[in-house]
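Whatever order the structure lists ligands and atoms in, that order sets their numbers, starting from 1.
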Amino acid sequence: MEDKEKTMNKEIVLRCEDLTKSYTSGLIRTKTILAAKNATFDIKRGEIVSLAGESGSGKSTIAKMILRLIEPTSGDITLNGRSIHSYKKREYYRQVQAVFQDPYSAFNPFYRVDHVIDRAWGLREDNLDTDERKEVIESTFMSIGLNPSEVLGRYPHELSGGQMQRLLIGRSLLIGSQLLIADEPTSMIDASTRAGVLNLLLSLKKEKGLSVLFITHDIGQAQYVSERVLIMKEGEIVEQGSVNNVFTRPKHPYTKELLAAVPSLYEKWD
Ligand SMILES: Nc1ncnc2c1ncn2[C@@H]1O[C@H](COP(=O)(O)OP(=O)(O)O)[C@@H](O)[C@H]1O
Ligand SMILES: [Mg+2]
């Protein structure tokens, strides 16, 4: 109850209202599918919200619309109360960054990983000199549990998936983003480093007030990392609420089905 009150008073960072995306395929006999149907939810400051559902349920479609990679068919998305399309792209991506399933896809294999960090400076408003940048890198890397001297100067193939995801999360911090869209960020990294990435998100939420949309098909991870969860099925958010309520007293049959498939939901990862 206390927790609920705490999140209720927080300011809304992102709001999606009646978000719908339809895809039409086929030339003669056209078929329309609704990848997202009237999705309505918000994310508050310093809150991790999970979007959970099986593969093909429309999770990435929601992520792509928020990231302005695809246009919604209808509905609105606002960031800090303003339509996301009213922001210039540079201004928008300063505030909203993403981490995807495959961290290697964000890097050019022929460049050292520094390249991705170097390009991040261009999104910041301030114009830091070399020494100031060094300082920001030191402190940012410290907060994401990476030693700059161990990762900088290396090529993507020389780093582990977990290190790469940390680096991308670090990049969004360096830009100063307030919202991170994390689309299955742990599904391609091994189980032993997975908990590290989840714990990193938890500490950034706590220390820096970062807001995260954490997309997963793994309900156990949703339970571990978030306070609120949205359950998605065939393009629709069929149930949403606090993790406690949704996972202990699921209302929708699909949520019950998902929970039944998890052997030990309350197992924590160390
Ligand atoms: N570009 C596209 N054209 C047609 N259908 C698409 C396209 N992208 C996604 N879809 C369909 O939309 C549905 C939702 O996909 P997606 O959002 O990727 O689901 P999830 O991320 O939950 O696995 C799926 O049925 C998928 O096949
Ligand atoms: Mg997806």
Side-chain angles (χ1 to χ4, degrees), residues 14-43 48-77 84 96-106 161-162 164-165 168-169 172 179-191 194 197-198 201 212-226 228-241 243 246-247 250 252-262:
L14 184 92
R15 176 154 181 83
C16 294
E17 205 157 342
D18 280 331
L19 207 52
T20 297
K21 177 71 186 176
S22 65
Y23 285 114
T24 307
S25 58
L27 283 175
I28 299 164
R29 219 168 283 166
T30 54
K31 199 177 137 215
T32 300
I33 70 143
L34 281 172
K37 215 184 298 178
N38 299 109
T40 298
F41 63 92
D42 53 38
I43 302 175
I48 302 181
V49 174
S50 285
L51 176 58
E54 65 198 2
S55 172
S57 56
K59 306 181 300 294
S60 294
T61 300
I62 299 274
K64 286 180 200 156
M65 288 190 280
I66 296 172
L67 289 166
R68 295 174 63 173
L69 299 174
I70 56 172
E71 283 284 322
T73 306
S74 60
D76 297 310
I77 312 173
I84 61 170
V96 183
Q97 281 286 312
V99 190
F100 297 103
Q101 210 170 70
D102 176 8
Y104 295 93
S105 66
M164 299 283 275
Q165 287 301 39
L168 287 171
I169 295 170
S172 67
L179 174 65
L180 184 69
I181 308 296
D183 191 352
E184 312 227 25
T186 60
S187 58
M188 284 180 69
I189 61 181
D190 55 282
R194 189 169 293 160
V197 172
L198 297 181
L201 293 178
V212 183
L213 179 64
F214 182 79
I215 297 176
T216 182
H217 60 268
D218 180 347
I219 215 154
Q221 289 189 42
Q223 188 268 338
Y224 183 73
V225 86
S226 56
R228 236 158 23 90
V229 64
L230 318 165
I231 307 286
M232 198 162 184
K233 180 183 196 272
E234 291 166 10
E236 265 183 284
I237 295 175
V238 293
E239 182 162 2
Q240 59 175 298
V243 162
V246 173
F247 290 168
H252 196 278
Y254 179 66
T255 315
K256 290 180 189 166
E257 222 177 275
L258 278 179
L259 288 167
V262 183

Novice: Taking all atoms of both residues into account, what is the closest heavy-atom pair of Ile48 and Ser226, and its distance?
Specialist: O-CB, 3.1 Å

Novice: Checking contacts now, so for atom 27 (O) of ligand 1, which I'm interested in, is there any protein heavy atom under 4.0 Å?
Specialist: no

Novice: Using side-chain heavy atoms (C-beta onward) and a distance below 4.5 Å, is Thr186 in contact with Thr216?
Specialist: no

Novice: Just jot down the ligand 1 atoms closer than 4.0 angstrom to any heavy atom of Ser60, in number order.
Specialist: 17 (O), 18 (O), 20 (P), 21 (O)

Novice: Of all the non-hydrogen atoms in the protein, which one sits nearest to atom 1 (N) of ligand 1, and at what distance?
Specialist: Tyr23 CE2, 3.5 Å

Novice: Is there a side-chain contact between Leu51 and Met232 in this structure, where contact means two heavy atoms from C-beta onward sitting under 4.5 Å apart?
Specialist: yes

Novice: Which of the atoms of ligand 1 are close to Ser57, meaning less than 4.0 Å from one of its heavy atoms?
Specialist: 19 (O), 20 (P), 22 (O)

Novice: Does the side chain of Lys21 come within less than 4.5 Å of Ile70's, by heavy atoms?
Specialist: yes

Novice: List the steps, then state whether side-chain contact (heavy atoms from CB on, under 4.5 Å) holds for Gln221 with Ser50.
Specialist: CA-CA 9 Å; Gln221 289 189 42; Ser50 285; over 6 Å; no

Novice: Heavy atoms only: give me the nearest Gln101-Ser187 pair and the separation to one decimal.
Specialist: CG-OG, 2.9 Å

Novice: Numbering the atoms of ligand 1 from 1, which are under 4.0 Å from a heavy atom of Ser55?
Specialist: 23 (O)

Novice: Mind listing the side-chain donor-acceptor pairs of residues 29-42 below 3.5 Å, one per line with the distance, residues two or more places apart or on another chain?
Specialist:
{"from": "Lys37", "atom 1": "NZ", "to": "Glu236", "atom 2": "OE1", "distance (Å)": "3.4"}
{"from": "Thr40", "atom 1": "OG1", "to": "Asp18", "atom 2": "N", "distance (Å)": "2.9"}
{"from": "Asp42", "atom 1": "OD1", "to": "Arg228", "atom 2": "NH2", "distance (Å)": "3.4"}
{"from": "Asp42", "atom 1": "OD2", "to": "Arg15", "atom 2": "NH1", "distance (Å)": "3.3"}

Novice: Can you tell me which portion of Ile33 lies within the under-4.0 Å heavy-atom range of ligand 1? Options are side chain, backbone, both, or neither.
Specialist: side chain

Novice: Is the closest heavy atom of Gly53 to ligand 1 under 4.0 Å?
Specialist: no

Novice: State the atoms of ligand 1, each with its element, that fall below the 4.0 Å cut-off from a heavy-atom position in Thr61.
Specialist: 14 (C), 15 (O), 16 (P), 17 (O)

Novice: At less than 4.0 angstrom from any non-hydrogen atom of Ala35, what atoms of ligand 1 do you find?
Specialist: 12 (O), 13 (C)

Novice: Check whether any N, O or S atom of Ser60 sits under 2.8 Å from the Mg ion (ligand 2).
Specialist: yes

Novice: Can you tell me which residue and heavy atom of the protein come closest to atom 19 (O) of ligand 1, and the distance to 0.1 Å?
Specialist: Gly58 N, 3.2 Å

Novice: Please compare Gly235, Ala52, Gly56 and report which has the shortest non-hydrogen distance to atom 13 (C) of ligand 1.
Specialist: Gly56

Novice: For side-chain contact (heavy atoms from CB on, under 4.5 Å), just list the numbers for Leu213 and Leu14, CA-CA rounded to whole Å, side-chain angles, deciding distance to a tenth of an Å, and then say yes or no.
Specialist: CA-CA 10 Å; Leu213 179 64; Leu14 184 92; 5.7 Å; no

Novice: Return yes or no for this condition: an N or O of Lys59 is under 3.5 Å from an N or O of ligand 1.
Specialist: yes

Novice: Does Glu54 reach ligand 1, in the sense of a heavy atom lying below 4.0 Å from it?
Specialist: yes

Novice: Is any side-chain heavy atom of Ile219 closer than 4.5 Å to one of Phe247?
Specialist: yes

